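All values below were derived from every heavy atom in this structure, side-chain atoms included, with hydrogens, water molecules and symmetry-related copies excluded. All values reported here derive from a predicted model rather than from experimental measurement. Ligands are counted one by one from 1 in listed order, and the atoms in each one are counted from 1 as well.
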Amino acid sequence: MYVKPQMKKLEMYVPGKSTGGIKLSSNENPFGASPKIREVLAQFNTFERYPDGGTTLLKEKLAAFLNVEKNQLIFGAGGDEVIQMISRSVLSPGDNIIQAFPTFPQYEHHAIIEDADIQNIPLKNGVHDLDGMLAAVNPKTKMIWVCNPNNPTGTYVNEVDLKNFLDAVPTQVLVVVDEAYVEYVTAKDFPNTIPLLAQYPNLVILRTFSKVYGLASFRIGYGIGNVDFIQDLEVGRLPFNTSAIAQEAAAVALDDQAFVEASMTANTAGLLQYVDFLEEAGVPYYPSQANFIFIPSPRKLGLEIGAKLMDAGYIVRSFPRGIRITIGTKADNEGIIACLKEHLDMLG
Ligand SMILES: *Cc1c(COP(=O)(O)O)cnc(C)c1O
């Protein structure tokens, strides 16, 4: 059967391994989700009805929470679907996107499906090289992805640098700032992007309920942008793309900010466990603002280090050039650190 030739260029998404150990490979919340979600599940009984395609209740709550207009929000089956909707709406064959390397693979994945080209601009000292990204803009450039904090490195672009970048990007080029981990951020100079929307019509922000809210299995995420752009995306959205139960769970999760706070506080403490160990051992790492930490392996021993952790009962995300570990419970972090201490010769 005929498929678009670019489909043959895609690689199948290989999810993080999920059995045979404690899973710290997909940046899920190790503390689960708000306990109040259970009550929603117990009461849910309108199985036969289509969900509210307009996501009315959640949209109202989220608009008030974020201090934006309701029509500035679009929901997707995870942030992933919002990435797909944006790519599908913006890219035509021969266009190009600009992204950091390495970054979240879905940006590239959907650009390929739309037959657009990808310009990879390597991270500089682990951080987005915004000057390099700007220099790569050409007449065929339709969008630039800024993953902030960046997955897999956890590093971030600060507010001053992001604003200078937005000032310099031509206004017809969309800038998508993916903030999947924003709730975990502690850096004081991290950009406050929502107020920037008023100033930059070409800015859009992505967020999700999959990470700190602990709702990855429900598949719900969202984009925040200027009304015109979001409404253009809305036209292409599948009518019932988020389930009723996901909408309800997200609304309850949003109301339980105490759970978010507790998760965030535990994460900050967990990151510090790793930083203390890595500093003391003299092992280079990327400073992280997210719920994971990336330990680069200049000797490309990442897969081997990942295998050692697997033997010890921990599933992490390993690449030849390093490992990305989701911050777990205090005990998980201690267990991983103990294992890494046994294999210090492989690190750095
Ligand atoms: C996890 C993640 C997302 C979205 O995940 P969903 O589960 O589809 O909401 C988006 N961007 C980055 C960088 C992520 O790590």
Margin query: Students often mix this up, so state it plainly: with edges at 30° and 60°, are the rings of Trp145 and Tyr107 parallel, tilted or perpendicular?
Written below: parallel
Notebook entry, point to check: Between Tyr181 and ligand 1, which part of the residue brings a heavy atom under 4.0 Å of the ligand: side chain, backbone, both or neither?
Noted result: side chain
Note to self: Please list, in number order, the atoms of ligand 1 under 4.0 Å from a heavy atom of Thr208.
What the structure shows: 6 (P), 9 (O)
Item checked: Pairing of Lys163 and Glu159 as salt bridge, 4.0 angstrom limit -> yes
Notebook entry, point to check: Which one of Gly78, Ser210, Pro149, Ala290 has a non-hydrogen atom at the shortest distance from atom 7 (O) of ligand 1?
Noted result: Ser210
Item checked: Salt bridge Lys23-Glu28, side-chain N to carboxylate O under 4.0 Å -> yes
Next item on the list: Of the side chain and backbone of Glu81, name the one, both, or neither that has a heavy atom under 4.0 Å from an atom of ligand 1.
Entry: neither
Note to self: For Gly221, state whether at least one heavy atom is located under 4.0 Å from any atom of ligand 1.
What the structure shows: no
Next item on the list: Just let me know how Lys211 lines up against ligand 1, side chain, backbone, both or neither, with a heavy-atom cut-off below 4.0 Å.
Entry: side chain
Checklist line | NZ/NE/NH1/NH2 to OD/OE distance under 4.0 Å, Lys140 and Asp117 | finding: no
Margin query: Check this for me: does any side-chain nitrogen of one of Lys36 and Glu39 sit under 4.0 Å from a carboxylate oxygen of the other?
Written below: no
Check: Less than 3.5 Å between some nitrogen or oxygen of Gly79 and one of ligand 1, yes or no?
Finding: yes
Checklist line | Leu197, Leu203, Leu196 screened by side chain to side chain contact (heavy atoms under 4.5 Å, CB included) with Gln199, the one that passes | finding: Leu196
Check: For ligand 1, which atoms sit closer than 4.0 Å to a heavy atom of Ala180?
Finding: 2 (C), 3 (C), 10 (C), 11 (N), 12 (C), 14 (C)
Margin query: Against the six-membered ring of Phe294, is Arg324 placed for a cation-pi contact (under 6.0 Å from the centre, within 45° of the normal)?
Written below: no
Next item on the list: Tell me, please: is Asp178 in heavy-atom contact with ligand 1, that is, under 4.0 Å?
Entry: yes
Next item on the list: Check each of Val185, Thr155, Val157, Asp178 against Pro149 using the side chain to side chain contact (heavy atoms under 4.5 Å, CB included) test, and report the only one that passes.
Entry: Val185
Check: Against heavy atoms of Cys147, which atoms of ligand 1 measure under 4.0 Å?
Finding: 13 (C)
Check: Which atoms of ligand 1 are found less than 4.0 Å from any heavy atom of Arg219?
Finding: 6 (P), 7 (O), 8 (O)
Notebook entry, point to check: Backbone, side chain, both or neither: what part of Asp80 comes under 4.0 angstrom of ligand 1, heavy atoms only?
Noted result: both
